[in-house]
Structures are given as structure tokens and as C-alpha cells.
Number of protein chains: 2
Amino acid sequence: MVTGQGPASAKARDRVTAAVTRLGYVPDAAARALASRSGTRLAIAVIGHTAAVLDDPYVGRVLTTAAHIAAEREVGVSLHWLPLNEPVTLAALAGRRGLGGLLVVNPTRPALETVPRDLRGRVAAIGVGTRHVPSFDVDNRTGTDGVVRHLVSTGRRRIAMVTGPSWLPCGDRAVEAYTRVMRDIGGETRVVPGDFTAARGAAAAAEIMAHWPDTDAVFALSDLTALGVLDGLHALGVDVPGDVAVAGFDDIAFASLSRPALTTSTHPVEDIAAAAARAVLDRGGTDRVTCFPSTLVVRESA
Amino acid sequence: MVTGQGPASAKARDRVTAAVTRLGYVPDAAARALASRSGTRLAIAVIGHTAAVLDDPYVGRVLTTAAHIAAEREVGVSLHWLPLNEPVTLAALAGRRGLGGLLVVNPTRPALETVPRDLRGRVAAIGVGTRHVPSFDVDNRTGTDGVVRHLVSTGRRRIAMVTGPSWLPCGDRAVEAYTRVMRDIGGETRVVPGDFTAARGAAAAAEIMAHWPDTDAVFALSDLTALGVLDGLHALGVDVPGDVAVAGFDDIAFASLSRPALTTSTHPVEDIAAAAARAVLDRGGTDRVTCFPSTLVVRESA
DNA sequence: GTGAAAGCGCTAACAC
DNA sequence: GTGTTAGCGCTTTCAC
């Protein structure tokens, strides 16, 4: 009854509530979990090639937010790496008892299909979702559109794009948005594959300038890559933003500290993680997909 | 008995172990926590002026590591902000049941004194410790010594230092180490207060160059501040490392990406967090203080 | 609507 | 050493 859910008259509930606060009663999470088999942990699973994905600052931000939200409900958070090509692991993870809920970061759709039935309603995805897994994600399409149109509005026409890793489904919509803008302005699409690393950005910059020497802007789907592009361009003696404008995506902490400071699009990562964590923890009926806006941040590089 | 701890004959233990693995038995963390009153959560408390300290990437790294270690033991991690001047909150935190252990990040000694008795043996500090709270920390003294001596060995003599916030006890040893080196080389100490922010670094650079125009090196006890110093010096038209060398401390992710790339001292944050988390989770008798080495990383700025 | 009783899966304390 | 039993603090179910 202490949950406030059960059947009870209004005044009875009030009296109990009063007693609860007066006595400083705090429910015991472990006992509750044991009796209701509801679990005591919120597991956060990050999909990627290697366990190194866990060290990404982005994961840190998600984890920090989730751990904070979870703390208010007396539940803990645990962190797990899900090897990209072994979705089976997800089932193994879910098999463990004590699992109160599951947050999957950067999921692929096949991986999400392996989520066991009995976890439904207690899973959320930060990234793409499925019919059974609600999605909390950045609106990549509009975000990309905003950045590329900013490039166009500042006079750029020969714009190249460095994408993300091909297995990450969220990149598709960004590429589509970029392609659409280029078609609208009658420009050629210049897409180069990326992997979200700075090293790749530097290499991509060299490739782009070699293939299309007249390129006047580069948009990278990751700030780290954009920073790499900045370095690569610098090494080539190309002036930014004089000769070529550079824009990133994510607005990582260092974007404002680079020289030139990086123009990018900022994501409400904390809001997204908080919403996803709450959806799982509070089991509220959630929409199939919740989109969060990405907003342009104009600095020096474009 | 399933814990492997209790009294039992060797063969009996073996048979049980065999059965355990054959049947795929997995202990229920919630039930265990309830019966043994051992708690299901590892709380991580970060001390600071505002709740914004939780957003520091450093906290993210600690949390990530702890959550990973905790996951192996089926316990979750929760994150809490401890207002700098209200150590009482720590007691309140510990009062809640379900608390398996506590990790205090960047503690002050007074705050640590408020740790309740019954939590002893299940608390660890990342930073300074007390008689009852084991400390896991970076060897700031040797780390600082290494950086400053590197500055000296490259010909610098008029070296200024930007410290950290005064309430953080760990800064003292660093200032001592700096002072000692300066005394050894017969140089003047030039200490300016800092607060670990980049903005303060830029301001500190201006102050330093105004007070001591002949300064030929600046050491900041934080990479973010050092990055700010880089900016401040740049604005002043001072060449780095030509006119003035700049060195930081921490080796944050972007230290290698700045221009010029930042010379700094790297800390094994993950190792520290892992050791502290294990000490709390495994209740092993721990040393009063465990020091981790900070090692010089020479890049372009010094 | 309300109260009592039966577990949830473990650990710990006690008898054998 | 080994087996047994009584809870841990809740939720749930079932009588009232």
C-alpha cells in the first residue's frame, strides 16, 4: 500500500502518507525488489565493436544522468558492453535477475529484436527503437538540415560530408538530409565514410581535398571527426574558415575550445538520457519514439 | 554457503560448485541483500559547490569504471551531489538502506568525519582520506615535481603556477612540490589562484603576464585551466611555447587535440576508480592510502 | 473496503 | 562439520 497504488480511501491514504513522513519511513528497495521481483538495477548496455565504447564521454554523460535519476528512486545503475555482432549477449544480460530495467545505447535493430518478452515495458533505446522498444533520440534529420543550410546561407555550395560508422542506423537520416539540401541547391553530393574518430577526420580531409579540390565546406557527423578535419586541413595549409568552412555535430565539451572554435549542432544528451531513464524506471506508457531537437551553434569555423 | 565463504569440506564445496554451474544457478542479489542487509547499491558522492560538479567528465570516468566493476557483482551504482558546506547530507545519504558501499569523490576531511560508524569498511575516498576512510589518490606531489622539473630541464626558470580551488585538499601537495623545485633552482614562486575552469585560466594568464612580464612558463593544476591559459596568452600575442611554455595536469581527452597540443601529466583515473570500487565492494582489508603515479606527457606546449 | 497470512530467495544462528 | 530453521521487509493473495 505504501506505493500509493493500491486500493484505499482518500483519507486513509492521507493518514498513511502523514505517518510515513512523520516517522521518516523509507521503503527498503531490496525487500521490495525481492517481493515484487522488480529488480534493483537499471542496466545500461552500450553497443559497439570493442569495450572501449564504454570510455566515450558521451556514454559518461548518459550514465551520469541515469545514475542521478536512478538515485532518486533508490536504484543503482550498471554498465555493460554489448559486442556489436553478438546480440545474444543481450538476452544473457536480461536473464540475470535483479534487472529492473534496461537502457540500450546506440542500438541496432537486430540487437533490439533479441530483447526478451518479459522485459517489455522496462526497456528503452537511446537511438533507434522498434515496435516493442521505445526510442529516445536526437532529430538527426532536422539537425543536419540546420547545419548544412547554415553552410549554404554563408555562401558555401561545394559541401562535403563525413559520415559515421555504417552500422549505426542513426547516420542514415543525416545523410538523407544532407543529400536533400544539396539537391535543392543543385550541388553535387560529396560523401566520405567516417568512424567518429579524430584520426579518421584528418584522413578524410585529405581525401576530400584530393578528390574535390574546390570543396568550400566540410560537415562531419561528429565533433571529434570535425576536429580531425580541422587538423587535416591545417596540415594541408588550408585556411579555416577562409578557404573551407568546417562544421561538426554533437557539441562536445572541446568544440568551444578548439582553434578556430567549432561550429556545430548541440544535442540535449542529458534530457534524452533522463527521459529514457524515467520511462524505464517509472514504467509510464511511453510514445514509440520521442525526438529531441538538435540546435545549431555558430562559432568560428563556419 | 553459496558464497564460498562458510565452513565446508573441500569435496563438498566442489560438489556444490559443480551443481551450481551445471544447473546454471545464479544468486539473487536482492534476496541476498535483504537477508544479509548488505545493500544493493554503491553510492558515489561527489563534493562540490553546485550540482554541476556531476557533469565533469572526470566524474563520468569514475562513474563509468565503477558501474562496470559493480556490474560484475550484480550491484548498481547511484550518483549523488554533496554540497560542499553541508557534510550532514552525507549522513542522510548513508542513512538510507540499500546502501552497499560509498565512494566519496574529492572529499574534504571534515566531510569524511561525518561518515557514520556502521559504514566503516564500506567507504573509500577518491582523494584524501582519514583514519577510517581509505584513500585512493594520484600522487600529486611527484606528478607536479615531474612537470615542473621538465619545465626546468627545457631551460625555463621563471615559472608561474595556477592552483586549484582552495577547498580541495589535494592541491596543497602540488603547491608544495612546485615551491620546493623553485627553491631548489633559486627561483621566485609565482602562485595565482585557479578554480579548474578554462575561463579562469585565461584571466590568470593575463594576471601573470601583468605582474611578472618576464615569466617563461606557466604550470596549471588542471588541463582545462591550462587550455584557458593557452587562449589568454594567444590573446596577448604571446607565442607558446616560443615565449612561454604551458603545462597542464590531468591529461583530459582534449589535451592532445589543442593547438599547440598540451604538455601535461596523465592520471590513471580508471585504475584509481576501479581500485576504490573494488575495495568497497569486496571489503578487502585495504591500506590507509594507495597512491597512483602521475606520468609526464610531453607534447608541443612545453 | 480492510486485515491477516503466505511467501519472494537468500543468510545467519543455532542445534545436531 | 552439517542440517535445520527463523527471519530480512516488503508485495500479493485471499479471507473477511
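Letters go in sequence order (proteins before strands), and every chain restarts at 1.
Panel note: side chain Asp223(B), backbone Asp251(B); a donor-acceptor pair is recorded below 3.5 Å. For Arg173(A) (side chain) and Pro169(A) (main-chain N/O), no donor-acceptor pair under 3.5 Å exists by modelled atom type. With Asp28(A) contributing its side chain and Ala30(A) its backbone, the two residues share a donor-acceptor pair below 3.5 Å. In this structure, the side chain of Arg41(A) does not engage the main chain of Ala71(B) through any donor-acceptor pair within 3.5 Å.
Contacts of His68(A) classified as side chain to side chain donor-acceptor pair (under 3.5 Å), with partners at least two apart in sequence or in another chain: none.
Defined by atom type and a distance below 3.5 Å, a donor-acceptor pair is present between the side-chain atoms of Thr197(B) and Asp195(B).
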Structure string for DNA chain C in dot-bracket form, Watson-Crick and G-U at under 3.5 Å, | interchain: ||||||||||||||||
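Ring pair Phe254(A)/Phe254(B) is parallel by interplanar angle, where below 30° counts as parallel and above 60° as perpendicular.
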Which atom pairs link the protein and nucleotides 6-9 of chain D when you take only N or O atoms and keep those under 3.5 Å?
residue: dC8(D); atom: O3'; partner: Arg37(B); partner atom: NH2; Å: 3.3
residue: dC8(D); atom: O2; partner: Ala35(B); partner atom: N; Å: 3.3

